Every structure is written in structure tokens, then in C-alpha cells.
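Since the structure comes first, as C-alpha cells, the remarks are kept for the end.
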Amino acid sequence: MASTLTTVRTVNDLRAHVAAWRKAGESVALVPTMGALHDGHLSLLALAKSKADRVVVSIFVNPTQFGPREDYGDYPRDEQGDLAKLGKAGADLVFAPETAEMYPEGFKTLIKIGDLTEGLCGAARPNHFDGVATVVAKLLMQCAPDFAVFGEKDYQQLLVVKQLVRDLNISVEIVGAPIVREKDGLALSSRNVYLSPEQRKIAPLLHQTISDVATDLAKGRGCDDAVVAARFKLDAAGFRVDYVAVRDPDTLTPLVGPVKRARVLAAAYLGKTRLIDNVPVPPPATNR
Ligand code: AMP
């Protein structure tokens with residue numbers, strides 16, 4: 001069957017499509033992405049399709065969430081490839097605005113979320129979550145969907161978006177989607193293409209290590225002890241560790257001692273590539 005996927009580049013065109021669906025009584029879900037799509041993104045689309053009659057996927061590499069020395073210019077971009085994947089996977093509409101459409105001359109507003117954005121990835125990337133919150137707020141107001149789907153891969157981001165929607169009374173249900181992984185456990189990421197073959201071999205150790213932390217914590221080991229062991233293992237394998245942390249899964253408050261319910265989160269560099277990952281405590285196998 002021929003794909004009926006349409007791409008729009010302006011907020012007016014996006015709103016016109018959504019208005020037509022609304023008139024027909026259809027519900028709408030939004031999946032925000034920065035493109036270079038992989039199966040993780042497509043799993044978000046599948047979840048969105050199960051929730052709503054129509055799904056909009058946005059593709060926008062958002063400059064305000066990148067630091068001055070980060071990879072905004074080099075971030076992988078493949079619009080034709082993305083559109084082919086989205087057509088096949090059954091998206092209804094792609095919103096792929098130019099930067100000037102999202103941030104026209106004179107744009108000034110920046111949303112700050114406070115302490116939720118200060119630790120973990122926010123510590124290494126000082127204005128990152130202000131940029132994320134701002135662009136997500138814009139996308140939610142431009143599209144006005146019933147649901148918006150975000151991956152647990154970016155766990156802190158998911159909580160930031162939930163906080164944003166709560167604080168600003170944005171009428172949308174934020175849906176979290178599980179992390180899609182390679183067979184060896186590496187979380188799919190658009191940035192994995194940066195890894196050399198040697199780094200790619202080491203990369204799954206990040207997931208393995210934080211999974212071991214989760215298992216140890218479930219057996220009663222203290223947080224500090226488990227985190228020190230994990231950092232040691234990652235350092236020895238050639239990672240440059242940014243953080244390994246055990247946090248409250250709802251508030252990201254730091255936890256100490258033995259814990260019952262938590263999230264283990266980590267960020268570590270292999271060469272110039274920053275990998276992030278997270279797992280729940282108790283781990284899924286011991287969840288019941
Ligand atoms: P990005 O294009 O990297 O901004 O990601 C767009 C959305 O896809 C975000 O909500 C991410 O959390 C989500 N995502 C990225 N990688 C994965 C993955 N491996 N599994 C599930 N969701 C993912």
C-alpha cells in the first residue's frame with residue numbers, strides 16, 4: 001500500500017491537519033524526536049498508535065538544548081531515511097520545521113524547571129533541560145495532542161516533561177515508553193553511530209554494570225557501595241564516567257543505604273561519545 005505520510009514545516013499547517021482530525025472526532029498523539037530514527041523511536045510511534053487515532057512525529061534538532069561545545073552541528077541527520085521509516089511504520093503526519101519556524105527573530109522565552117534539572121545530565125549539560133522544556137512546551141502547544149510519548153531512555157527528560165506539563169497545566173497525557181536495546185543490551189541511540197568498532201564492543205558494559213547495581217541493591221547492598229563498584233568496573237573497561245547514581249524513581253532525589261524502589265542512572269563517555277542508560281530497582285526479573 002502506498003504511504004499517505006505528509007510532511008509539514010509550519011505551525012499553521014500542523015494545526016490545520018490536527019484541526020481536521022479533531023473535527024472528525026479523532027484523538028491525536030505526538031512523538032517528539034530529533035530524527036536519525038531507529039527502532040527505539042519506532043517503538044514510541046507504535047505505542048502512540050495504540051493510544052490515539054492519529055500520530056504526529058516531529059523531527060527537529062533543537063539548538064537550545066545543545067551546549068556550545070556539544071554536537072549540534074554534527075548531530076546525525078537523515079530526513080529521507082526517517083520519512084521512509086515513518087511511512088512504513090504508519091505515522092500520519094511528520095512535523096519537520098526549520099529552526100526559524102521554531103525560533104523566529106526576536107525569540108526570548110526560556111523555561112526553567114528548577115532542581116529536577118540540576119543533577120545528573122543537568123550537571124554536565126547546564127542549560128540542556130531549559131532547552132528541552134522550552135521546545136517540548138512549544139511542540140505541545142503547537143500540536144495540542146491528547147498524548148505525547150517519551151522514552152525512558154532519557155529518564156530525567158521524561159520526569160522534566162511530566163513536571164512541565166503539571167506546572168503549566170498543559171492538557172496532555174505524557175506516556176513513558178520502555179527502553180529498546182540491542183541484543184547485547186546497549187540502548188539504541190542516534191549517537192551510537194559515533195562509536196568505533198572497538199568502542200561498540202565495550203559499550204554494552206554500561207547496561208550490564210547498572211543492571212548488576214540494580215540486582216545488588218535488590219539483594220540489600222547499600223547504594224554507595226554498589227555505585228563505587230560500578231564506577232570502578234566502568235573506569236577499568238575504558239569508560240570516562242560522568243555519573244552512576246541511585247535515585248528516587250519519581251523525584252530523582254539521591255538515595256543512600258539499602259533501598260527498596262529506585263532508579264539506577266548512568267552517563268559515561270567512550271571517547272567523545274556520551275552514552276546514557278538507566279534501569280529500575282527492583283530489576284524486571286525480580287519485579288513480582
Ligand atoms: P531523540 O531523537 O534522541 O531526542 O529521542 C526522541 C525520543 O525517543 C525521546 O523520547 C527518547 O527518550 C526516545 N528514545 C531514544 N532512544 C530510545 C530507546 N533506545 N528506547 C526507547 N526510546 C528511545
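Each ligand, and each atom within it, is numbered from 1 in the order the structure gives. What you see is a predicted model, and the numbers here were worked out from it, not measured in a lab.
Sorted by chain then number, the residues whose non-hydrogen atoms approach ligand 1 to under 4.0 Å are P32, T33, M34, H38, G40, H41, L44, Y75, F150, G151, K153, D154, Q157, P178, I179, V180, L188.
The closest side-chain donor-acceptor pair between D71 and Y194 falls under 3.5 angstrom.
Proximity of D184 to R200: side-chain heavy atoms (C-beta onward) are separated by under 4.5 Å at one or more points. Under the 4.5 Å side-chain criterion, counting only non-hydrogen atoms from C-beta, V28 is not in contact with E26. Contact annotation: the side chain of V135 approaches that of M102 to within less than 4.5 Å [non-hydrogen atoms, C-beta and beyond]. Between V259 and C223, some side-chain heavy-atom pair lies under the 4.5 Å cut-off.
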What do the steps show when you test L45 against L37 for side-chain contact (heavy atoms from CB on, under 4.5 Å), and what is the final call?
CA-CA 11 Å; L45 169 57; L37 302 180; over 6 Å; no

